[in-house]
There are 2 protein chains.
Amino acid sequence: MSAIADVARLAGVAKATASRALSGRGYVSEVTRLKVVAAARAIGYVASPNAASLVTGRTKSIGVIIPFISRWFFSEVLESMEEALLAEGYDMTLYNLPASSPERDSVFEYFLARKRFDGVISVGVALSEGEVDHLHRLGRPLVGIGGPIRGVQTIAIDDVAAARLATEHLLSLGHHDILHIGGNQTDEMDFKVHSQRLTGFYAAMHEAGCRTEGAFFPCEFTMPSGYLVGLSVFGDPRSRPTAVFAASDEIAIGLIVAARELGIQVPADLSVIGIDGHPYADMFRLTTLEQHPRRQGRLAVDTLLAELESPTHREESDQLTVLPTNLVFRSSTSAPRSPLGGSPD
Amino acid sequence: MSAIADVARLAGVAKATASRALSGRGYVSEVTRLKVVAAARAIGYVASPNAASLVTGRTKSIGVIIPFISRWFFSEVLESMEEALLAEGYDMTLYNLPASSPERDSVFEYFLARKRFDGVISVGVALSEGEVDHLHRLGRPLVGIGGPIRGVQTIAIDDVAAARLATEHLLSLGHHDILHIGGNQTDEMDFKVHSQRLTGFYAAMHEAGCRTEGAFFPCEFTMPSGYLVGLSVFGDPRSRPTAVFAASDEIAIGLIVAARELGIQVPADLSVIGIDGHPYADMFRLTTLEQHPRRQGRLAVDTLLAELESPTHREESDQLTVLPTNLVFRSSTSAPRSPLGGSPD
DNA sequence: CCTCGTTCTGGAACCGGTTCCATGAATATC
DNA sequence: GATATTCATGGAACCGGTTCCAGAACGAGG
C-alpha cells in the first residue's frame, strides 16, 4: 500500500533520507529523523522486506528442514526454534522432508536456491556434501541438529554415550539379560542415531561381559510400534529378558503398555528405560535419559544468528556442540527378581 | 548469483524475452524459448521470487498461524498443509502463536503487514474482525480451520454434532451415568470447540432424559492431564460413572490408563469414547470419532489456492465447510454391567 | 581568508525480475 | 494488392527499497 516514497513526500524529504532515518544507517539529523518517523507512523508504513532484501541480500527469514513434524522430538525443536526466531524478528519457513523422499532433490534444486533465507537449520536431516557446498557458495550459514555433518556447526547429544549410560543403568541394577529395542540402520532416519544407540548398547554390554546375540529388535520410533514389538517379544515367557533399553520414550511406553497387558510387572518382572524425556514419561513412571530438544532448538537458532552477525571462516566453525543428557530415575527400573525365584534382598 | 540478464545475454535475447520464455507468459517462439531454457539450465539459473514478487505482488508463500505445533491435531494439519503447499510450489511460513500470547499483537502489526505471503491459513486461532479486515484490505485471502470466523472461509467439523454422536453412542449402549471430561471455556483455546462439545453432550443427555449435574470435569487436552483427572474422578468407587465421553483421544487414553491402574475393567466397568482418531487409539482399543486433520489441512490449502487463482467476492466466500466425522467402534465401549450386579444378557 | 573534515541531504543508480508499449515480420481477410 | 490480425521481440519503466556519490552547510585549524 504505502511505500517509503509516500513517507518521504509526507515528511518533505528525499527517499534516501527517509530510508536512512527509518533504518538507522548513515547520517540523519535528529529533527528530520523524528519527522520521518512521525510520517511513517501516520500512514501506517511497514517496510517491505522483499524490496529491501533485493538490494541487501538479507531476508530476515530462515529455512528449516525437518523430516517429521508430528513426532515429539521434532515438534519440540520446531516450537522452540520458532519462538526464538520470532523474538529476533525472523520468519521461519518450513520444509518437511522425509529423508530420501522424492521431493528431497527438487526442494534443494528449487526452493533452497531461491535465496529466500539468510540461513538454514537442518534438523535430523543429513545433507550431502554437495548440498552443503551449495549453501556455502550462496553464503548461507547452515546449522545442524541431530548429528554431525561435515563442515557444519552441529548441535546434538552424544547418542553412543547416552545409550551406554542407559544400558549401564540397567547393568548396575544387576541385570544381565537386557534387550535393546530401537531403530535399525535401514529405516527412515538419515542420521546415525539408531546405529549409535545400538553401538553404545553393545559397548556397555560387552564391557560388562554380557552376551548380545539376539539382543536387538528393530522398531519404529512410535508408541504403537513399541507396543506391537512388546507383545511379540514378551509374548514368550522363556525368551523374556529382565530389562529393556528402548531407543526412545515412545517405544518404551509402548513396551510398558504391552507388558502390563501381558501381566508382566514393571519393574519387578521387567525393567524398562528410554531416551527422550517425553512428557508422557512421568505418567508411566518411566526411567529415561532426558535430552531437552527445546534447548537444542534454541541453541541452533542462537548459533545461526551469531554466524549471521559475524561470519566466521568455515574451517573454524566446523564443530560439534554436544549437549548433556540426564538420567531421570523413576520406577520403571529396579533390580531384577532373584534368579532363584525369591524376592531380592 | 546469476540473474536473468545473464541468461538473456547468453541466449542472445533481451531480458524481457528471457522473462517471457521462462515464465511462459506472453508470446515467445518455440526456438527462442528453447534457447533461453538451455541458457538458464547451463548457468544454473533460478529465479528470485523476491524480485518477482516485488512487481507481481505474488510471493508464492503462505503464512500459517497455529497455537500449537506439538499437539497431535495441529501437527497433523501442519504436515498435510506443508505437503500440499510444497507440491504446488509454495513456501510455508509458520507463526506459532499461543492464543492470547503477548506476541500475538506484534505478529499482526509487524509480520503480517509485510506483504510477505499471498494468503494466510489460521488453524484454531480466532482472528478478530480488525485482523480479518486488515488481511482483506491487503487483498490476502484467509482460510480458517477449526471454527467459524466472520467473513472467512472456514473448514471444521461440527463439534456439537460430534459430541452428540459420541454421547448417543454411549446412551444407545444403555449407559445413563455418563461423564464428560474435556476443556472448559476459559482455557487456552480460542475457538469454541470446548464449549461446543460440552453443548452437544448436554443436548444428547437431556434428550435422553439423563441428569447432567456434576457430569462435567475440566481437563487439558493431553494424555497426562486425562490420566490425572481419571485417577481423581475414578478414585472414589461411589461416584464412578459407567461411561465417559472424553473430548479428545489423548484425554480418553489417559483415562483408560488411569482406569487400568485402578483395576477398573474397560469396557466392562467403564466405557470410554474419545474424539480424534489418534494413532494411539488402536493400541488402546479406543472407540472414537475420527476427524481426519490431514483432510482438513489439505482442504484448507486447496481452498486458499483456489481463492488465489480466482478471487471471489468476500460475501460469497463467507461459508463454513463442515467435514464429516466417523465412528470407529473398538472395544473401549460396551453395554454397562447390569445395575443389579449380574452380567448383561 | 582559505582549506579541511564532519554532518546532513538529495539525485541517481541499482537489486532482479515483470510488463507495457512500440516496432517489425509473417500470415489472414477482403 | 492493400489492410487487418496475430505473433515475436526489444527498449524502457517500474516494483520498493538501499546505497553510492556529489554537493551544501558548518565549524575548526592553519
Between Asn50(A), Asp91(A), Asp118(A), which is the residue that forms a side-chain hydrogen bond (donor to acceptor under 3.5 Å, both in side chains) with Thr59(A)? Asp118(A)

Are Ser29(B) and dA8(D) close enough that a side-chain N or O sits under 4.0 Å from OP1 or OP2? no

Return whichever of Arg20(B) or Ile4(A) has its heavy-atom-nearest nucleotide of DNA chain D closer to the 5' end. Arg20(B)

Heavy atoms within less than 4.0 Å of DNA chain D: which residues of residues 45-58 of chain B have one? Give them sorted by number. Leu54(B), Val55(B)

Verify side chain to side chain contact (heavy atoms under 4.5 Å, CB included) between Asp6(A) and Tyr45(A), making sure each step is shown before the conclusion. CA-CA 9 Å; Asp6(A) 303 327; Tyr45(A) 169 77; over 6 Å; no

Roughly, in whole Å, what's the span from CZ in Arg9(A) to P in dG10(C)? 14 Å

Is the number of heavy atoms from other residues, nucleotides or ligands within 6.0 Å of CZ (Arg295(A)) greater than 12? no

What is the distance, to the nearest angstrom, from the CG atom on Leu22(B) to the C1' atom on dG16(C)? 13 Å

Whole-Å distance, Asp6(A) CG to dG17(D) C1', equals 12 Å

At less than 4.0 Å, is any side-chain N or O atom of Tyr27(A) found next to OP1 or OP2 of dT7(C)? Yes or no. yes

In whole Å, I'd like the distance from the CZ atom of Arg33(A) to the C1' atom of dT7(C). 16 Å

Roughly, in whole Å, what's the span from CZ in Arg116(B) to P in dG17(D)? 13 Å

Does a sphere of radius 6.0 Å around CD in Glu30(B) hold more than 12 heavy atoms from other residues, nucleotides or ligands, not counting ones at 6.0 Å or beyond? yes

Quick one: which of Leu97(B), Ile121(B), Leu142(B) gives a side chain to side chain contact (heavy atoms under 4.5 Å, CB included) with Ile65(B)? Leu97(B)

Arg298(A), CZ: over 12 other non-hydrogen atoms inside 6.0 angstrom: no

Please check the phosphate of dT9(D) (OP1 and OP2 only) for any side-chain N or O of Thr17(B) closer than 4.0 Å. no

Residue met sooner reading DNA chain C from 5', once Gly26(A) and Ala16(B) are mapped to nucleotides: Gly26(A)

Rounded interatomic separation in angstrom, taking NZ from Lys15(B) and C1' from dT18(C): 9 Å

What is the distance, to the nearest angstrom, from the CD1 atom on Ile43(A) to the P atom on dG16(D)? 12 Å

Among Thr154(B), Leu127(B), Val132(B), whose side chain to side chain contact (heavy atoms under 4.5 Å, CB included) with Ser122(B) holds? Leu127(B)

Rounding to a whole Å, what distance do you find between Glu30(B):CD and dA26(C):C1'? 18 Å

Between dT9(D), dT19(C), dG16(C), which nucleotide has the shortest distance from any of its atoms to the side chain of Thr32(B)? dT9(D)

